[in-house]
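One structure is given here, and the rest of the page talks about it.
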Amino acid sequence: MRKKSKMMSEHSRPERSPLVLDRSFFDRPTCQVAEELIGKYLVRRIGSKNVPAMITETEAYDGPNDEACHAHRGMTPRNAPMFGAAGHWYVYFVYGMHWMLNIVTGPKQYPAAVLIRGVTLEDGTVLDGPAKLTKYLQINRTLNDSMTSKETGLWIEDRGILIDRMRIKRKPRIGVGYAGAWAEKEWRYVYKEVDN
DNA sequence: ACGATGATGAAC
DNA sequence: TTCATCATCGTA
């Protein structure tokens with residue numbers, strides 16, 4: 001048994017085969033999950049194929065006090081999944097045409113989630129925008145409130161990609177101008193590729 | 001800069 | 001029941 005490196009997070013295991021992340025990964029502070037999701041793989045079962053997509057951009061929505069969080073004004077039918085167990089999908093419809101994919105984080109009853117805003121496919125195709133990736137990966141209401149797992153056809157894997165933390169930029173969240181001071185919080189995590 | 005497009009939630 | 005709003009995107 002190899003000794004675990006001191007610098008390695010409990011949730012990073014580069015020397016092993018792909019690990020399907022479970023509740024323990026998501027049941028942690030929202031911003032930490034949002035940052036550590038960069039470089040992980042969102043995998044979607046489409047027909048008989050698994051489509052992997054490396055996560056490159058996320059946004060954290062953290063609890064009842066966060067005015068940008070859907071749960072800021074309490075539980076409603078739409079945001080109920082956010083109050084549930086970590087590791088469940090929160091999928092909702094906006095602007096009359098777009099599906100947004102979030103993964104619930106933190107303890108039960110504490111409404112928090114991470115919005116997946118961008119991914120890169122195996123062939124290098126960049127899906128930069130939360131609605132672009134849900135359209136491509138065929139994600140909609142049917143996945144709402146289901147657990148991330150191979151069973152549901154949508155899950156997240158750690159494939160051992162080592163991400164240089166210096167390449168993860170923190171920025172203000174998008175489209176939350178109504179949230180007052182909370183709109184300025186840099187809870188958006190963007191992976192900056194190496195430019196040639 | 002703006003229109004598409006319809007669910008959602010709060011007010012009445 | 002009405003109505004403003006909306007964690008966006010493609011076209012201009």
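When reading the values below, keep in mind they use all heavy atoms of this one structure, side chains included, and skip hydrogens, waters and symmetry mates. Within every chain, numbering begins at 1; the chains are lettered A, B, ... in the order of the sequence lines, protein sequences first and strands thereafter. What you see is a predicted model, and the numbers here were worked out from it, not measured in a lab.
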Relative to A:F25, does A:R23 satisfy both conditions: NZ or CZ under 6.0 angstrom from the six-membered ring centre, and within 45 degrees of the ring's axis?
no
For residues A:T56 and A:I38, determine if any side-chain heavy atom of one lies less than 4.5 Å from a side-chain heavy atom of the other.
no
Once salt bridge (Lys or Arg N to Asp or Glu O under 4.0 Å) is applied, what residue pairs with a partner in residues 46-62 of chain A remain, sequence neighbours excluded?
A:E57-A:R117, A:E57-A:R188, A:E59-A:R117
Check this for me, if you would: do A:R165 and A:E35 make a salt bridge, where the nitrogen-to-carboxylate-oxygen distance has to be below 4.0 angstrom?
yes
Check: A:K40 and A:L21 side chains under 4.5 Å, non-hydrogen atoms:
yes
Flag side-chain contact, heavy atom, 4.5 Å: A:P172 against A:E186
yes
Touch check for A:A131, heavy atoms < 4.0 angstrom, all strands: base, sugar-phosphate only, or nothing?
sugar-phosphate
Atom-pair distance (NZ on A:K185; P on C:dA7), nearest Å
19 Å
Expressed in angstrom and rounded to an integer, what is the separation of A:D128 atom CG from C:dG10 atom C1'?
12 Å
Between A:M75 (CE) and B:dT8 (C1'), how many Å, whole number?
16 Å
Measure CG/A:N140 against P/C:dT8 and give the value in whole Å, please.
18 Å
By the 4.0 Å heavy-atom rule, please label A:I174 as base, sugar-phosphate, or nothing.
sugar-phosphate
Among A:R45, A:R44, A:K150, find the residue that satisfies the side chain to side chain donor-acceptor pair (under 3.5 Å) test when tested with A:N50.
A:R45
Nearest-angstrom distance from the residue atom OH of A:Y178 to P of C:dA4:
19 Å
Once you round it to whole Å, what is the distance between P of C:dA7 and CZ of A:R73?
11 Å
Dot-bracket for DNA chain C, 5' to 3', Watson-Crick and G-U pairs with both distances under 3.5 Å, [ ] for crossing pairs, | for partner on another strand, reads ||||||.||||.
Nearest-Å distance, CD (A:E57) to P (C:dT8)?
10 Å
Contact residues, residues 88-104 of chain A to DNA chain B [heavy atom, < 4.0 Å]:
A:F93, A:Y95, A:G96, A:M97
A:R117 CZ to C:dT8 C1', straight-line distance once rounded to whole Å:
8 Å
Test item: A:L154 and A:V43 side chains (from C-beta on) under 4.5 Å apart, heavy atoms
no
When you compare the side chain of A:T134 with that of A:H98, does any pair of heavy atoms fall below 4.5 Å?
no
Sorted by chain and residue number, the side-chain contact (heavy atoms from CB on, under 4.5 Å) partners of A:R78 (sequence neighbours excluded) come out as A:H70, A:T76, A:Y90, A:Y92
Looking across every strand, which nucleic acid part, if any, lies under 4.0 Å from A:R141 by heavy atom: base, sugar-phosphate, or nothing?
sugar-phosphate
DNA chain B contacts made by residues 77-84 of chain A, counting heavy atoms under 4.0 Å
A:P77, A:R78
With sequence neighbours left out, which residue pairs that include part of residues 127-183 of chain A fulfil the ring-ring contact (aromatic ring centres under 6.0 Å, His included) condition?
none
Does a side-chain N or O from A:K132 land closer than 4.0 Å to OP1 or OP2 of C:dG10, or not?
yes
Any salt bridge between A:K192 and A:D164, counting N to O under 4.0 Å?
no
